[in-house]
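Structure record follows, encoded as structure tokens.
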Amino acid sequence: MDDDKGSYIIRTKGLSKIYMDGVEVRALDNVDLDIEKGEFLSIIGPSGSGKSTLLHMIGILDTPSSGSITIDGKVVTDMSEKERSKVRNEVLGFIFQYHHLMPDFNALENVMMPLLIGGMKSKEAKKIASSLLEEVGLGDRMGHLPNQLSGGQAQRVAIARALANNPGIVIGDEPTGNLDTRSSDMIYDLLRKLNRDRGQTFILVTHDEDMAKKTDRIIRLVDGRISEDYSISHRDTPKVS
Ligand code: ADP
Ligand code: MG
């Protein structure tokens, strides 16, 4: 059990992941990391440095070779798969590089889907999904199919879908990796706004240093280890309304 409850929402201790791929690949090497509730942070580092691996561990999408992960006061590395998927569904929201929207369903239906799967009545799911689409600036695109949306708009639908279950933690693996600079800027400004308005914790993997600088804290990985961990002051930058 975990009695050591600080203000952190995520804590990793000695987290390591070794892949056996002919040779041994140490994708994560003894990572200790504390993330506080409501942080807006990015994980950067060269390709192959372990960013996705770390994010997959935090997202309970994969298990470490050794070490522990505590999420929202629970040591998830001690849990059964059933308990792990419960935490995954209730606490975590995911945004990936490719939006993975269902092509035959419109924006509204795509955002409703996780709610319907969770057992919510269609009418209530519709209400929540439309208000989320309003929040991400797509109130006038709800009936559009994914291929009738721009890349940036489709990614905003994916963000609304990630928020449908109102997760405490939102993780994104290269959420703007597929977008031009202008759309990327808009997505980061939107994520920042959601972080401010909703107090949710955002953890974003990116290889784009300019995007990372928009967050409040940068963690740099090199060869599976944290090489830098620092905060950024945004006092001089205008607040997003
Ligand atoms: P990043 O996201 O920073 O590019 P990854 O976390 O994807 O890095 O990968 C870290 C290291 O682990 C790399 O050397 C990669 O080749 C290796 N790796 C990742 N996933 C696997 C896997 N499923 N099997 C074997 N090696 C893997
Ligand atoms: Mg990656």
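Both ligands and their constituent atoms are indexed starting at 1 by order of listing.
- Asp173 and Ser52 form a side-chain donor-acceptor contact under 3.5 Å, judged by distance and modelled atom types alone.
- By the definition of a contact as any protein heavy atom under 4.0 Å away, atom 15 (C) of ligand 1 is not in contact.
- Using modelled atom types, one side-chain atom of Asn195 and one backbone atom of Gln200 make a donor-acceptor pair closer than 3.5 Å.
- A side-chain N or O of Asn166 and one of Arg198 form a donor-acceptor pair less than 3.5 Å apart.
- Residues Thr201 and Glu39 have side chains that never bring a donor and an acceptor to within less than 3.5 angstrom of each other.
- At a 4.0 Å cut-off, not a single heavy atom of Gly45 sits close enough to ligand 1 to count as contact.
- Using cut-offs of 30° and 60° on the angle between ring planes, the pair Phe96 and His100 is perpendicular.
- Closer than 4.0 Å to atom 23 (N) of ligand 1 lies at least one heavy atom of the protein.
- Here is the list of ligand 1 atoms found below 4.0 Å of a heavy atom in Pro46: 3 (O).
- Contact check on Lys126 versus Glu124 returns no salt bridge, with no Lys/Arg side-chain nitrogen under 4.0 Å from an Asp/Glu carboxylate oxygen.
- Of the protein's non-hydrogen atoms, the one nearest atom 6 (O) of ligand 1 is Thr53 OG1, 2.5 Å.
- When distances to the Mg ion (ligand 2) are checked against a cut-off of 2.8 Å, Thr53 contributes no N, O or S atom below that limit.
- Regarding atom 13 (C) of ligand 1, its nearest protein heavy-atom neighbour is Gly48 O, 3.7 Å.
- At a heavy-atom cutoff of 4.0 Å, ligand 1 is contacted by the side chain of Val25 but not by its backbone.
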